[in-house]
Structure formats: structure tokens, C-alpha cells
Amino acid sequence: MTAPIGGAVPAIRCVGLSKRYGRVAALRDLDLEVAPGAIFGFLGRNGAGKTTTMRLLAGLATPTSGRAWINGVEATDADRRAREQFGYLPQEPAFYGWMTGREYLAYAGRLSGLGREQRRVRVSEMLALADLGRAADRPIAGYSGGMKQRLGVVQALLHEPPVLLLDEPTSSLDPAGRHALLSLIAGLRGRTTVFLSSHILADVERVCDTIGIIDDGRLVVVAGREALLATHAGNVVELIVERGADLAPFLAALEGQTWLVRAAAEVDRLRLVVTDLDAARPALLTLISEHALPLLRFDWVRPSLEEVFLSLSGAGAPTLSGPAGNA
């Protein structure tokens, strides 16, 4: 292994990692390092290359070129030792529905080589961590989606790996299930390195301390969450108006404004991303007055990860959309 940046062994390291499927380049020359103990968010649209990267790190696919290491052990040359360094939750985990949660974890523990007593202790610990104690002896077929995802996460943690690979873990969950799973993941901070791929921006912003954005198979940026927001997000203004106000004329007037990047409206709220703050301020006040917009509040607000993602992922062309459901 070549010397890592800064001298310390990263939890995850990729050098020139690429994967092609025929003429399709699913991943292009990925160079990436993830520090031990981080919760790393790997953010991208569907088809951007997130799952391909996960499969290469987990040894489920062979790279066309490049190499990757997990906790200092190469993961791209069929080294069996690499499997001991990570736990993996695929995007659509499969379970034996007739097994109970306790039986499933015990089975996973045997596959991981844990001894009888170690399995007993770890299974109990993982059931508690996933808040599945009361459901431990019920068949998994009766579990909710959130319960199954939490079971999948603790299955991946059962053998105490230093790295946890989670591919779109919250994509199919309802709000309650997402909240529970994200709380579980956040609790691993500093103890286990979590590599979390997702296209759900709010989830990544909530739990990840470092974020990488991938687009069309290429890594666009890697930075700490706060640094990313401070460096790459544009200026954002939020307008709160009276419910029932006709926003169409005002939105139409925004079209063609050179300082506008993007505008979106939801019922009584308009969120505008602008480039030229000095030009936008007086122009907005003029437009608000000209259209007699029933304004309740006018705020320059902290930009969200969504603004950063849209501006960096190739999905950031200026858009004007009406209230939710009419866009």
C-alpha cells in the first residue's frame, strides 16, 4: 500500500478506482480518503456511481482499474482479510422471514466466526442497540421496514468491524423509521467509521460530518459539512407570504433575472438562490412592491445541503417551480 496522506492509515482509501460496464463508465478514477471514526456521506443522484463504489469496496465487483483499501487491507484484490474490516448493508437487504431477529443475528454471528458465548453476548448487545429487544423472538417477516433496516445495520456491526458500509439505508423508510435508523447511525460516531451512500439530502446533512458528492461517476468535492456549506452554497433568501397568495405573477417576473440561480415555492414560502447579492437585494424589494406581494417575512437564511448539491452535481440549472404538487 502506498503511503497515505498525512501518515495515518485512513479507514477507507481509493486510488484511481474505476469501473466500466461495456461502454458505460459507472465510476471514473475515484481518489478518496475517509478518516477513522468519521460518518462520511457519499451523496449523488440515482445512477451517479454510489452503489458501484460500495460494491467495489465490499469485494462484490472487480474494478476495471485502480485499488482500494479498508483499514489498511486491500479490498480490491480478493484478500479475505478485508472482509474482517467492514460490515455491509446493501441497498435492498434480504432476510429469512421465518427466522426470528435473534436467530438471524446468531446465524450471522456463526458466519462471522464468533464463538458461542461471544455470539450470545453480541446478539443481545445488538438487539438492544437496534431497539429490537421486544421483537427479538418474532419472525422477521412481521417486522416493519424500519425494524428490518435496523436489524440489517446491527447484523453488519455484529463482528465489531472498524468500518460500516451502508448503501441507501433509509431510502424505503417512513419518517419514523428514518429517524430511528439515523439516530442509531449517529450513535456510532467516533467508534465506527460509517460510509453512508444516499440521495436523501436531509439524512446526509443530519448525521454526516464529512460529505463527498459524486456525479456521473466522478467525485466532484469532498469536505467537512460546515466547510462545504460555507464554501459552495450560494446566497439564499426565504420569503414567507400569506396563505392563498397568487405567486404566479411574481415567479414569472423572476424569470430572466441574471442574479437568480433557482426559485421554488411551497404554499406560503418562496426560497430563492441568488448569485449577485448587491443586485438581488434592491431588485427583489422592487419586485415585491410592484406585485403587492403579501409579505410576512423576508430572511437571508443559512444555505442547505440541497443548494450545494444542486449547484455541484450538474442538476443545478435555474428552475422556477410553483407550489408543491403543481411543479
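All residue numbers refer to positions in the sequence shown, counting from 1.
Salt bridge E74/R67: present, at least one basic N to carboxylate O contact under 4.0 Å. In this structure, D216 does not pair ionically with R218, as no charged nitrogen and carboxylate oxygen lie closer than 4.0 Å. Salt bridge R120/E117: present, at least one basic N to carboxylate O contact under 4.0 Å.
Using a 4.5 Å heavy-atom cutoff, the side chains of R138 and M147 are in contact. Side-chain contact between L173 and Q149 is present, with at least one heavy-atom pair separated by less than 4.5 Å. Considering only heavy atoms from C-beta on, Y88 comes within 4.5 Å of L60 through its side chain. V204 is not listed as a side-chain neighbour of F42, based on a closest heavy-atom distance of 4.5 Å or more. At least one side-chain heavy atom of R13 sits under 4.5 Å from a side-chain heavy atom of V15.
Between the side chains of T100 and D137, no donor-acceptor pair is found at a separation under 3.5 Å. A donor and an acceptor atom, one from each side chain of E168 and T170, are nowhere located under 3.5 Å apart. For the residue pair S197 and D167, a side-chain donor N or O sits within less than 3.5 Å of a side-chain acceptor on the partner. In summary, the side chains of S183 and R206 do present a donor paired with an acceptor at a separation below 3.5 Å, with no hydrogens or angles considered.
Connection of V222 to V163 is established within a shared hydrophobic cluster, with ILVMFWY side chains joined at heavy-atom distances below 4.5 Å, either directly or through further cluster members.
Nearest heavy-atom pair across G101 and I140 is N-CG1, 3.8 Å. Considering all non-hydrogen atoms of both residues, A186 and I39 come closest at CA-CD1, 4.0 Å. Residue G97 comes nearest to P139 through the heavy atom pair O-CB, 3.6 Å, listed as atom of the first residue, atom of the second, then distance. Between A263 and L254, the shortest heavy-atom distance links the atoms CB-CD1, 4.3 Å. The two residues L287 and A253 come nearest to each other via the heavy atoms CD2-CB, 4.0 Å. Here the closest heavy-atom approach between residue P63 and residue L17 is recorded as CB-CD1, 3.7 Å.
Within the model, atoms CG of L285 and CG of L293 stand 11.5 Å from one another, a figure rounded to the nearest 0.5 Å. The line from CZ of R150 to CG of D131 is 5.5 Å long, rounded to the nearest 0.5 Å. To the nearest 0.5 Å, atom CZ of residue R122 and atom CD of residue E160 are 3.5 Å apart. We find the CG-CG distance between L196 and L165 to be 10.5 Å, quoted to the nearest 0.5 Å. A distance of 10.5 Å separates CG in L43 from CD1 in I214, rounded to the nearest 0.5 Å. Annotation: the span from D215 atom CG to R28 atom CZ amounts to 9.5 Å, rounded to 0.5 Å.
The backbone N or O of H199 sits nowhere less than 3.5 Å from a side-chain atom of R45 that would complete a donor-acceptor pair.
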Show every donor-acceptor pair shorter than 3.5 Å between a side-chain atom in residues 240-251 and any protein atom, with sequence neighbours excluded, or say none if there are none.
from, atom 1, to, atom 2, distance (Å)
D246, OD1, A248, N, 3.2

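No close placement of the Y104 and Y96 rings is indicated, their centers lying 6.0 Å or farther apart.
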Q: Apply side-chain contact (heavy atoms from CB on, under 4.5 Å) to the pair L272 and V236, showing each step before the final yes or no.
A: CA-CA 6 Å; L272 314 177; V236 180; over 6 Å; no
